[in-house]
Amino acid sequence: MANPMDLSDFKLAEVINESPHFKTVTLKGTYRGKLTIIRLEKTKFDREQVENALTASDTRSSRDFINDIYQYYTIKPTNLLNDVKAVIITEPSPSIIAKHTRCESIFFTETAEIYRTSVEPFIKSLREKERDRDNWVYNILDGKSEVDRVLMNDPDPETGFMLVSDLKWSGDEDDLHAVALSNRRDITCIRDLGKGDLPLLTNILDKGISTIKNKFKNMKYPIRAFIHYQPTYYHFHVHFRAQNPDDYLTTDRDNPLQVVIDNIKLFDNYYKNATMLYQLAANSSLYIALKEDGTILSN
Ligand code: G7M
């Protein structure tokens with residue numbers, strides 16, 4: 001395997017998140033003395049490998065119990081079925097640690113007034129405090145990182161963008177996830193969008209979808225394009241996902257791009273004035289800021 005990492009140097013301090021449903025676990029610890037987060041995700045079954053893996057001579061099984069026509073087994077398959085994907089984050093900022101740590105959330109109703117008085121200043125100060133936060137985006141746009149993961153590049157400074165495989169996408173066409181990173185660096189989030197941005201938004205929607213359709217001809221599922229609010233990164237980007245509709249969970253953070261375009265066509269100031277509802281984790285830096293300034297009241 002190329003570029004292996006010596007994981008024996010990782011010292012676990014804490015399991016900060018786990019999901020039996022999504023088969024993920026997130027660990028916080030140190031790697032060679034540096035604070036490190038490791039997020040592990042079991043990969044899905046590979047249709048081509050599953051038969052070989054089950055019948056391989058080194059596959060072991062033991063029966064848990066039997067009841068009528070049902071038999072339950074624990075199978076330790078050959079290595080062919082045992083891949084685990086890892087995302088490793090070195091020296092994460094406190095807000096990135098919070099983002100990866102499981103915590104209770106609330107449903108927050110953000111009026112336009114709350115945005116102006118509390119959320120917009122929060123975003124500004126976060127971007128000033130964590131200047132390197134969006135470096136991964138600039139590295140991609142500047143052609144310094146993930147060059148072979150770029151799916152398309154439209155260099156127009158106003159309407160252009162780069163479509164790149166999302167960090168968490170395993171490459172499985174039945175669960176596609178890509179992000180369109182805008183060339184413009186002045187849009188922080190959906191609240192900034194207005195009529196002047198329609199050429200950018202329609203360009204991302206049209207070219208994003210046609211690129212994915214052309215590149216992945218066997219894709220079975222419809223493509224959804226949406227914008228997160230609140231996003232994690234305040235450099236404007238759009239998500240593209242194609243999954244089995246039975247498997248996907250949409251969240252309150254998902255704003256379908258077509259709906260965003262249509263709302264702005266109706267009202268230039270739609271997102272400046274709209275009330276936005278989203279889930280907010282109680283350990284997130286936004287929650288903490290809203291609590292401190294009294295927008296979220298203590299119980
Ligand atoms: O929640 P938000 O809309 O801000 O989503 C940002 C997306 O960017 C997530 O789906 C992340 O998985 C993805 N992402 C984050 N990082 C740090 C990277 C990265 O370094 N490379 C790529 N390709 N995607 C990333």
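Read the numbers this way: they start at 1 and go in the same order the structure lists the ligands and their atoms. Only this structure's heavy atoms are used, side chains among them; waters, hydrogens and symmetry mates stay out.
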### Check: Ser182 main-chain N/O paired with His235 side-chain donor or acceptor under 3.5 Å
yes
### Query
If you count only heavy atoms, which residues are under 4.0 Å from ligand 1?
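Close residues (ligand 1, cut-off 4.0 Å): Trp136, Glu146, Ser165, Asp166, Leu167, Lys168, His177, His228, Pro231, Thr232, Tyr233, His237, His239, Arg253.
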#### Entry: Donor + acceptor pair across side chains of Glu113, Tyr115 (<3.5 Å)
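Distance-only check fails for Glu113 and Tyr115.
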### Message
If the condition is side chain to side chain contact (heavy atoms under 4.5 Å, CB included), which residues does Lys85 pass it with, not counting sequence neighbours?
### Response
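Lys85: side chain to side chain contact (heavy atoms under 4.5 Å, CB included) contacts with Thr43, Ser170.
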### Task
Name the orientation class of the two ring planes belonging to Phe226 and His228 (parallel below 30°, tilted from 30 to 60°, perpendicular beyond 60°).
tilted
### Query
Residues two or more places apart in sequence or in another chain: which of them pass side chain to side chain donor-acceptor pair (under 3.5 Å) with Asp206?
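Here no residue qualifies.
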### Query
Is Tyr31 isolated, or which residues cluster with it under the ILVMFWY side-chain rule of less than 4.5 Å, directly or via members?
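ILVMFWY cluster around Tyr31 also holds Met5, Leu7, Phe10, Leu12, Val15, Val25, Leu27, Ile38, Leu40, Val84, Ile88.
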